[in-house]
Amino acid sequence: MEINRIILRHLKMDLLHPFTTSTGTEADKDFVLVEVQSKSGLSGWAESVAIFSPLYNEETFKTNWHIIDDFLIPLLLQAPINHPDELIERFSSVRGNYMAKAALEGAVWDLYAKENKMSLSKALGGTKDKIEVGISIGIQESEKALLKQVESYVSQGYKRIKIKIKPGFDYELLQAVRKEFPTIPMMADANSAYSLHNIDRLKALDELNLMMIEQPLAHDDIIDHAELQAQLKTPICLDESIHTVEDVRKAIQLGSCKIINIKIGRVGGLSESKRIHDLCAKHDVPVWCGGMLEAGIGRAHNIAITTLPNFTLPGDTAASSRYWAEDIITPEVEVKDGYIYLPEGFGIGYEPNLDNINKFTLESKIINSII
Ligand code: MG
């Protein structure tokens, strides 16, 4: 692949509804959009999922811009590559900064698929033509508000409901939902809001028939999670603690979880996501794709990776209209009867909407290859 130009854009988009988790509330989203152009005239696209503040992990959209611009782009342009998998090694001199790496690597993957006239899904080894969709509901101010939201999404056909919890906003809320919807696949995401001191609150959730509890304990822990999993019937799913396939190997070995949430940004890109998927498949650990309030291009990458066979649980990737008044792709992502159908076309399969991209862009930078 002969990459001759990279365009970084800083976009800011208002969320339709503020989204609250145990770590804070987001009302809008600043993010970096990466466009990688080749001499063939094609463009590959990806979003960085880091947000304005270091609430989810250490990265922000500004640290992403800095790391991509000052370190990763020089590494990408220093020599041609034959396949995007080579970028794991190429970027290995930069520690961490997984979301920054994923944004540039993802754009190269899209370009690679387009140059080879195939969908990104096929390029990654995907086997599905539609994916099951779940919905993630932020922390609501009252039980009534939560029940209203759940009812609305169940009637729209979403395949599972994920409810954000924190101490004091957990058992009673989930119990109320379970009473109204006895059979709906339901899970809870704690975003690290608990410790082993709250173990009784977490054990109480066992009676609610949850598919899983996501990341109950510290964002950087796999040891206490193993102790907790030994005492819980409900499967633990790790999110924040997992950055690499090595983290997954250790978590499986320790018994820290029974399910893994793969977020492309959190693990440094599509190639590492594939490795994690493959290792989990070998150990009969199901995976699913988590969401980071992506705009359409990030959403398209999530859809592509979810077509791999061991993504057997519904993910967080919902319709564009759930989050945005207008999206940055054409057509927008739509959900029909709880499924997203894979778009036709090469690469991510959705066309970047340049009018909207320009409208939401606050700042951009063009980097030309000098090779
Ligand atoms: Mg999570």
Side-chain angles (χ1 to χ4, degrees), residues 15 18-26 29 48-51 53-59 98-99 102 132-140 146 149 153 158-167 169-170 173-174 185-195 198 202 205 210-222 224-225 228-229 232 234-244 247-248 251 256-268 272-273 276-277 280 285-294 298-299 301-302 305-306 311 313-318 322-323:
L15 282 162
F19 194 84
T20 301
T21 73
S22 65
T23 59
T25 298
E26 291 172 62
K29 188 171 182 187
S48 140
V49 296
I51 54 176
S53 311
L55 288 175
Y56 174 82
N57 68 0
E58 301 85 343
E59 298 181 79
Y98 300 105
M99 292 173 173
E132 285 190 312
V133 179
I135 194 86
S136 176
I137 302 176
I139 291 172
Q140 304 294 308
L146 175 61
Q149 289 242 336
Y153 290 122
Y158 284 100
K159 299 287 184 191
R160 71 102 169 98
I161 302 292
K162 163 165 149 180
I163 296 168
K164 296 281 186 177
I165 59 168
K166 63 181 180 182
F169 290 79
D170 44 25
L173 286 176
L174 294 170
M186 179 167 87
M187 58 175 285
D189 185 2
N191 291 104
S192 308
Y194 296 79
S195 73
N198 311 103
L202 294 166
L205 304 180
L210 301 177
M211 300 168 78
M212 69 192 92
I213 300 173
E214 190 180 345
Q215 196 75 33
L217 307 179
H219 69 94
D220 54 357
D221 169 77
I222 56 172
D224 284 356
H225 278 100
L228 178 64
Q229 182 67 87
L232 278 189
T234 309
I236 290 175
C237 169
L238 288 179
D239 174 355
E240 283 90 336
S241 303
I242 300 297
H243 302 102
T244 61
D247 290 344
V248 173
S256 315
C257 65
K258 294 178 179 170
I259 298 171
I260 296 281
N261 166 343
I262 294 180
K263 287 179 178 165
I264 303 164
R266 196 194 66 233
V267 304
E272 192 73 9
S273 298
I276 292 172
H277 166 274
C280 286
V285 171
V287 303
W288 57 279
C289 180
M292 293 291 291
L293 305 176
E294 289 89 347
R299 213 157 279 273
H301 282 259
N302 288 347
I305 194 75
T306 303
F311 280 81
L313 299 167
D316 280 342
T317 307
R322 153 88 166 110
Y323 300 96

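For ligands, and for the atoms within them, numbers begin at 1 and follow the listed sequence.
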OD2 (Asp189) - the Mg ion (ligand 1) - OE2 (Glu214) angle, nearest 10°: 100°
Have Asp239 and Tyr56 got a donor and an acceptor in their side chains that come within less than 3.5 Å? yes
Do Lys162 and Ile135 come close enough that some side-chain heavy atom pair is under 4.5 Å? no
Spell out, as yes or no, whether a donor-acceptor pair under 3.5 Å connects the side chain of Glu214 to the backbone of Met187. no
The Mg ion (ligand 1) reached by Glu240 (N, O or S, under 2.8 Å): no
Identity of the N, O or S atom of Asp239 lying closest to the Mg ion (ligand 1): OD2
Under-4.0 Å salt bridge between Asp316 and Arg160: yes
